[in-house]
Amino acid sequence: MPELPEVETIVRGLEPVLRGARIAAVDVREPRLRTPIAADFTARLKGRRILGMRRHGKFILAPLDDGAIWLIHLGMTGRLTIGSPDRPDRPHDHVVLQLADRRLLTYNDPRRFGRLAVIAADAVPAETAAGIDALSPALTADFLFVRSRRHARTTVKSLLMDQREIAGLGNIYVNEVLFLAGVRPRRRAGRLTRAESARLVTAIRTVLGAAIARGGSSISDYRDGFERSGSYQLRHQVYDRAGEPCRRCGGPLRGVVVTGRSTFYCARCQR
DNA sequence: ATGATCTCCTGAGCGC
DNA sequence: TGCGCTCAGGAGATCA
């Protein structure tokens with residue numbers, strides 16, 4: 001569910017309220033996530049102070065006062081929200097942290113595809129296996145062009161979604177980025193031109209920036225750290241719009257499957 | 001190296 | 001109202 005803009009929105013909202021907060025109690029109600037929550041998770045969080053919160057790709061990283069890192073990935077349906085002490089329990093509230101000021105930080109995840117772990121700071125690269133962040137200045141036209149040659153036989157869409165290369169784009173935003181850049185999802189990466197690489201990099205910044213400005217896309221599950229919806233779904237140009245008219249040329253949008261994921265594009269506007 | 005397929009789960013939506 | 005089916009924002013494993 002959450003891609004870079006949703007994770008960024010959550011982090012921007014929660015960082016100021018969690019920075020400096022002490023974790024008074026940890027309640028792991030359901031450890032059976034796709035990667036199970038480790039047995040020592042509670043012991044490694046309890047009593048710690050959260051120093052801050054940042055994002056890399058779709059990962060949330062919260063450094064703790066003992067040098068360790070609290071690592072959070074929301075998977076498809078994960079939510080990390082802060083609420084008052086009397087907030088009622090809900091189904092799928094798998095982990096509830098009580099802060100020293102008694103507020104509750106809750107991890108809720110119906111499908112349980114997310115991940116929660118406390119890891120050593122130097123283990124972050126290995127644990128996330130993440131490439132450069134999609135909003136990093138290091139993502140240049142040159143970078144993308146070089147990587148497109150390294151993965152010449154894959155599709156452009158797969159390359160952009162490969163978190164080991166560029167971290168942050170998921171299925172919604174990659175569709176939107178490809179539309180804005182005018183590149184078809186199934187194009188071989190090895191046939192990208194330098195000009196197209198430049199357009200894609202620009203499109204990534206434009207789409208992700210606009211989505212963050214609107215608090216992300218709320219299709220069904222997504223809410224930010226204070227349970228608020230985003231509104232960028234109202235601006236989607238192609239995602240989930242198969243058969244509907246292209247907002248640019250009026251032609252019918254196509255819906256296909258690329259590497260197992262639903263994919264939407266305009267055959268006239270994208271080449 | 002890469003795509004296809006399957007897997008982990010629950011819930012929503014749809015046709016009947 | 002209910003049943004069965006398909007699909008969903010992620011990502012890792014396996015196979016060809």
Side-chain angles (χ1 to χ4, degrees), chain A residues 1-10 29-37 55-60 71-80 90-95 107-117 126-131 134 146-178 185-192 207-208 211-212 214-224 229-243 255-264:
Chain A
M1 147 242 235
E3 304 179 33
L4 186 151
E6 291 75 33
V7 178
E8 179 68 18
T9 301
I10 291 167
R29 301 172 180 178
E30 175 54 89
R32 294 177 301 167
L33 307 186
R34 191 166 192 264
T35 301
I37 297 174
R55 180 193 60 70
H56 186 90
K58 302 174 195 171
F59 282 93
I60 298 171
L71 181 72
I72 304 159
H73 194 293
L74 301 172
M76 288 275 250
T77 54
R79 286 189 195 181
L80 187 67
R90 288 186 290 203
H92 314 296
D93 282 349
H94 303 317
V95 175
Y107 179 74
N108 179 288
D109 185 359
R111 291 175 74 178
R112 291 191 267 128
F113 289 170
R115 180 168 178 222
L116 297 179
E127 293 285 347
T128 62
V146 167
R147 298 305 159 118
S148 76
R149 268 35 188 186
R150 199 177 292 181
H151 302 280
R153 298 170 59 109
T154 194
T155 61
V156 175
K157 188 185 183 209
S158 288
L159 174 62
L160 293 177
M161 285 186 72
D162 185 344
Q163 304 296 302
R164 295 165 301 183
E165 295 292 351
I166 301 172
L169 292 174
N171 201 37
I172 291 180
Y173 294 105
V174 78
N175 277 291
E176 298 297 314
V177 163
L178 287 163
R186 285 184 286 206
R187 279 274 297 286
R188 293 301 121 180
R191 310 201 61 163
L192 265 188
V207 168
L208 296 180
I212 291 167
R214 285 164 183 78
S217 302
S218 290
I219 300 293
S220 59
D221 296 298
Y222 168 70
R223 297 293 182 279
D224 75 5
S229 295
S231 66
Y232 193 69
Q233 69 279 7
L234 303 174
R235 305 232 171 187
H236 290 174
Q237 301 297 303
V238 291
Y239 182 77
D240 205 22
R241 296 192 64 234
V256 297
V257 173
V258 179
T259 50
R261 310 299 299 276
S262 53
T263 301
F264 310 90

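Keep in mind the model is a prediction, meaning the values are calculated, not measured. In what follows, every chain begins at residue 1, and chains take the letters A, B, ... in the order their sequences are listed.
Other residues, nucleotides and ligands contribute more than 12 heavy atoms inside 6.0 Å of the CZ atom of A:Arg90. Other residues, nucleotides and ligands place no more than 12 heavy atoms under 6.0 Å from the CZ atom of A:Arg153. Few gaps surround CZ on A:Arg188; more than 12 heavy atoms of other groups in view lie less than 6.0 Å from it.
The minimum heavy-atom distance linking A:Tyr173 with A:Ala211 is given by the pair CE2-CB, 3.5 Å. Pairing each heavy atom of A:Lys58 with each of A:Leu169, the nearest pair is NZ-O, 3.3 Å. Between A:Glu6 and A:Ser217, the shortest heavy-atom contact is OE2-N, 2.7 Å. Contact between A:Leu116 and A:Val95 at its shortest, heavy atoms only, is CD1-CG2, 3.6 Å.
The distance from atom CG of A:Leu74 to atom C1' of C:dG9 is 11 Å, rounded to the nearest whole Å. As a whole-Å value, the separation of A:Arg115 CZ from C:dA11 P is 12 Å. The CD-C1' distance, from A:Gln163 to C:dG9, rounds to 12 Å in whole Å. In this structure, A:Glu176 places its CD atom 13 Å from P of C:dG9, rounding to the nearest Å. As rounded to whole Å, 11 Å separates atom P of C:dA11 from atom CG of A:Leu169. Protein atom CG of A:Asp162 is 11 Å distant from nucleotide atom C1' of C:dA11, rounded to whole Å.
Between A:Tyr222 and C:dG9, no base-stacking contact is recorded for ring centres under 5.5 Å apart and planes less than 30° from parallel.
For B:dA4 and C:dC7, the P atoms lie 16 Å apart once the distance is rounded to whole Å. Rounded to the nearest Å, the gap between the C1' atom of B:dC9 and that of C:dG2 is 23 Å. When the C1' atom is compared between B:dC8 and C:dC3, the two are found 25 Å apart, to the nearest whole Å.
At the heavy-atom level, A:Arg112 lies under 4.0 Å from the strands shown only through sugar-phosphate atoms.
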Seminar exercise, completed: Encoded 5' to 3' (Watson-Crick or G-U under 3.5 Å; [ ] crossing; | other strand), DNA chain B becomes .|||||||.|||||||

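First and last contacts of DNA chain B with chain A, using any nucleotide atom under 4.0 Å from a protein heavy atom and ordered 5' to 3', fall at B:dT2 to B:dG11.
Classified by interplanar angle (parallel below 30°, tilted 30° to 60°, perpendicular above 60°), the ring pair A:Tyr107/A:His94 is tilted.
Positionally, the nearest nucleotide of DNA chain B for A:Arg153 lies more toward the 5' end than for the other of A:Arg34 and A:Arg153.
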Seminar exercise, completed: With sugar-phosphate taken as primed atoms, P, OP1 and OP2 and all else as base, the protein-contact string of nucleotides 3-8 of chain C at under 4.0 Å (heavy atoms; B, S, -) is -----B

